[in-house]
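A, B, ... follow the sequence lines: proteins, then strands. Residue 1 opens every chain. None of the values given here were measured: they were computed from a predicted structure.
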Amino acid sequence: MDSKELSDESIFSNLNDKQKEAVNYTEGPLLIIAGAGSGKTKALTHRIANLIHKGVKPWKILSLTFTNKAAGEMKDRIGKMIGSERAEQISAGTFHSIFAMILRREANAIGYTNNFTIYDSEDSLSLIRHIIKDNGIKFDEITPQGVRSKISWSKNQMISVADFAKSAVNDVTRTTAFIYGEYQKKLIQSNAMDFDDLLLNMIKLLNIPEILEKYQNRYEYILVDEYQDTNKAQYIIINRLAKLHHNICVVGDDAQSIYKWRGAEIRNILDFKNDYPDVKIVRLEQNYRSTKNIIGGADSLIKYNQSQIPKTLWTNNPEGSLIELFTYDSDFDESESIAKKISKLIKSNNYTLNDFAILYRTNAQSLSLEKSFKNNGLKYMILGGVSFYSRKEIKDILAYLRVLVNPKDTESLIRIINFPVRNIGNTTISHIQNFAFELNISLYEALKRVDEITAIKKNKATAVTNFVEFLEEYSSIVNSSNPLDDIVDYINATKIRNVYLEMTTDDAEDRLMNIDQLFVDIEQYFISNENATLEEYLQQSALITDSDKKDLKEDSVKLMTLHSAKGLEFPNVFIVGLEQGLFPLGFTNESPEELEEERRLLYVGITRAEKYLELSHCLRRFKFGDIIISKKSRFLSEINSKYINHNSKEENNVQFKKKSLFSDDYSQIKKKDNFYFDDIPEETKSTKQSTVNNTTNKIPIFLQIKVGDIVNHKLFGLGRVEQLNGIADNKQATVLFKSVGKKKLLIKYAGLEIMKGNF
DNA sequence: ATCGCGCTCCTTTTT
DNA sequence: GGAGCGCGAT
């Protein structure tokens with residue numbers, strides 16, 4: 001249909017020499033060191049197009065990315081080059097989704113059945129909670145979250161339960177090892193895999209020679225994006241798959257490695273040339289995204305990191321405006337001021353809402369921003385954060401669906417067995433669990449045989465039987481290739497919606513809306529994926545977050561963590577909360593390594609900005625319902641000051657003094673010693689002097705001025721702006737002055753003042 | 001078995 | 001400030 005003609009022209013034009021080199025080098029190992037904004041995705045997509053052009057069959061290509069967002073963009077752009085039909089045939093996706101698909105196909109080989117359930121981190125957490133509770137484990141040092149992250153970390157390092165147990169030195173670690181073991185056992189019994197298992201089981205699968213051979217043959221060309229973020233398990237899989245054909249192309253930037261905490265090994269990219277001595281290395285160092293000032297600022301910051309590949313990121317772009325630095329009184333002022341600034345800019349310039357992004361270190365910081373955006377009537381979109389799929393009402397419904405597909409999924413079964421209430425209480429459940437344990441059968445099997453359990457009275461047994469019969473009634477959905485209508489019936493029959501209809505609490509309405517949204521989601525899935533099964537729907541919903549489905553092009557200000565911002569770019573970027581303890585996060589045990597990772601994270605953030613970058617920090621901030629006094633981030637002093645314009649604190653205090661959260665009575669504030677820093681930030685003193693060369697307004701004038709504005713010039717007097725050219729610092733205004741006629745002025749130097757009204 | 005109150009922990013960051 | 005949990009009251 002839309003099978004596009006490919007030519008050398010369409011593949012190689014508009015590429016710089018380095019990019020061409022990468023695109024042209026199709027055989028053998030290739031390492032692309034790609035700096036931020038250096039056209040990495042472009043090089044990758046053109047390289048794939050070139051492979052196709054050379055006659056490589058699309059299904060012989062495996063392209064692995066880290067996030068769904070990146071995978072989506074890749075597919076999109078490849079589709080535009082080679083036509084969507086051929087693009088569809090490429091195995092392009094995240095590690096997790098591609099491996100889940102393969103595992104689904106080969107499940108039997110490793111003792112799973114292909115209807116296995118994927119547990120997300122919350123499912124894992126609740127499983128761990130159950131294990132801790134069921135075994136009466138009581139250690140202050142053992143928290144479900146702590147155990148989960150230890151297990152996940154171990155899995156990523158490929159430390160087995162046995163290895164973990166061997167290195168256990170005290171009661172706490174021995175108990176943790178025990179939980180790890182139980183957790184693994186329960187997962188297998190439940191025919192379920194957690195996120196990490198999707199990688200580990202993939203390795204298990206590739207241990208089987210015939211299967212290894214099959215996939216080595218299948219994937220003649222392998223591409224891996226964000227290689228610096230791969231962990232040990234991913235590294236092993238990639239290398240095994242590439243072993244036959246050696247056509248492996250990895251792309252990465254050590255300066256943008258921000259997932260060490262999750263097991264990522266920067267070493268993988270640093271050692272690539274040891275793994276493949278015949279490697280070709282291409283460096284993409286020209287940045288096409290940002291102004292010289294932004295690149296300069298980012299570069300001066302990252303220089304503080306000891307361990308890094310030496311490289312020079314450079315740009316031909318204009319110098320641009322300086323990075324603006326603001327000091328605010330409180331996070332409230334910060335949010336309010338940014339919201340006001342953006343709405344002003346949109347009214348007075350040609351900017352649209354989606355030219356702006358606000359980046360923060362922790363999801364919790366979105367709260368005050370959200371409030372301010374609502375106050376100011378600005379449309380915004382939060383990426384990441386509490387996911388739609390992790391809301392209780394949604395998880396409950398998904399649990400009902402999961403149980404149909406995989407009755408062994410005990411966590412889901414327990415979740416719904418008495419919700420909505422059907423008179424099956426904890427006592428009854430534990431009787432059934434004991435029974436299941438003794439006979440070594442699944443909980444679901446035990447439910448079916450509830451009449452055999454003497455400890456359970458007749459009326460309770462009937463309730464259980466009714467529940468099982470209810471599930472069985474809808475079990476045909478599983479094998480249906482057109483299940484939409486039945487799924488809707490089934491969900492309605494669970495009566496979950498009715499529970500919230502009858503509720504009078506505030507959040508009931510939200511929950512109803514979410515449920516309706518889920519209906520829409522399910523409907524859309526089955527309409528756009530003909531012949532899809534429920535199983536497939538569940539698989540994608542486990543691996544895709546709701547923000548992946550959001551349309552980034554929608555006109556709204558984007559709010560997200562710095563981690564989620566990776567791979568994206570925006571004309572105007574605000575990075576907020578640059579305070580010690582928040583960014584860099586954690587104010588006590590800063591290991592140099594962790595600090596370097598935080599620094600790389602800020603580097604990633606800074607390099608998202610195309611034209612205008614604003615950094616800010618607050619003197620006081622709400623945290624856990626308390627006010628904490630904050631020092632400005634050390635990173636702010638690390639960025640070379642020649643790239644920064646520091647705006648004074650006084651000017652930033654939004655005129656909400658009366659409304660301000662902190663204006664009232666300080667004595668009321670509960671003091672938590674460890675939250676207070678003794679020394680008052682030097683900020684207040686030093687900033688007063690540094691503002692002399694700044695205009696009285698906190699928004700740079702070149703951002704405020706728009707065509708039609710009446711302006712005042714010191715010499716020429718009043719005039720009207722007729723035309724604007726250039727960007728940021730280089731923006732020029734053509735002004736028709738009353739006295740001297742038309743003049744072209746560089747706004748930066750013109751000292752124009754925007755007037756209200758006509759002349 | 002359910003409800004509601006108060007207590008605790010939470011906060012990294014994501015597939 | 002909010003979610004989740006345990007415990008005691010009904």
From the list A/L205, A/I203, A/L199, A/D197, side-chain contact (heavy atoms from CB on, under 4.5 Å) partner of A/F99 resolves to A/L199

Taking only nitrogen or oxygen atoms into account, show me every contact under 3.5 Å that the protein makes with nucleotides 6-8 of chain B, one pair per line with its distance.
none

Contact list (N/O, under 3.5 angstrom) for nucleotides 4-10 of chain C vs protein:
unit_1, atom_1, unit_2, atom_2, d
C/dC5, OP1, A/R129, NH1, 3.4

So, A/R104 versus A/Q539: side-chain donor-acceptor pair below 3.5 Å or not?
yes

Proximity of A/Y259 and A/H563 rings by center, below 6.0 Å
yes

Distance, C1' atom - from B/dT13 to C/dG4, rounded to whole angstrom:
22 Å

Pairs touching residues 222-231 of chain A that satisfy salt bridge (charged side-chain N to carboxylate O under 4.0 Å, His left out), sequence neighbours left out
A/K40-A/D225, A/K40-A/E226, A/E226-A/K566, A/D229-A/K566

Nearest 0.5 Å, what's the CG-CG distance between A/D194 and A/L125?
12.0 Å

Going by the rule ring-ring contact (aromatic ring centres under 6.0 Å, His included), which residues pair with A/Y525 if we only count those two or more places apart in sequence or in a different chain?
A/Y537

Protein N or O to nucleotides 2-4 of chain B N or O, pairs below 3.5 Å:
none

Any idea how A/F116 and A/Y112 line up, ring-wise: parallel (<30°), tilted (30 to 60°), or perpendicular (>60°)?
perpendicular

Give each protein N/O atom lying under 3.5 Å from an N/O atom of nucleotides 11-15 of chain B, with the pair distance.
unit_1, atom_1, unit_2, atom_2, d
B/dT12, O2, A/R361, NH1, 2.8
B/dT12, O2, A/R361, NH2, 2.1
B/dT13, OP1, A/N363, N, 2.9
B/dT13, OP2, A/N363, ND2, 3.3
B/dT13, O2, A/R361, NH2, 3.0
B/dT14, OP1, A/T561, OG1, 2.9
B/dT14, OP1, A/S564, OG, 2.8
B/dT14, O4', A/R262, NH1, 3.2
B/dT14, O2, A/R262, NE, 3.4
B/dT14, O2, A/R262, NH1, 2.5
B/dT15, O2, A/H96, NE2, 3.3

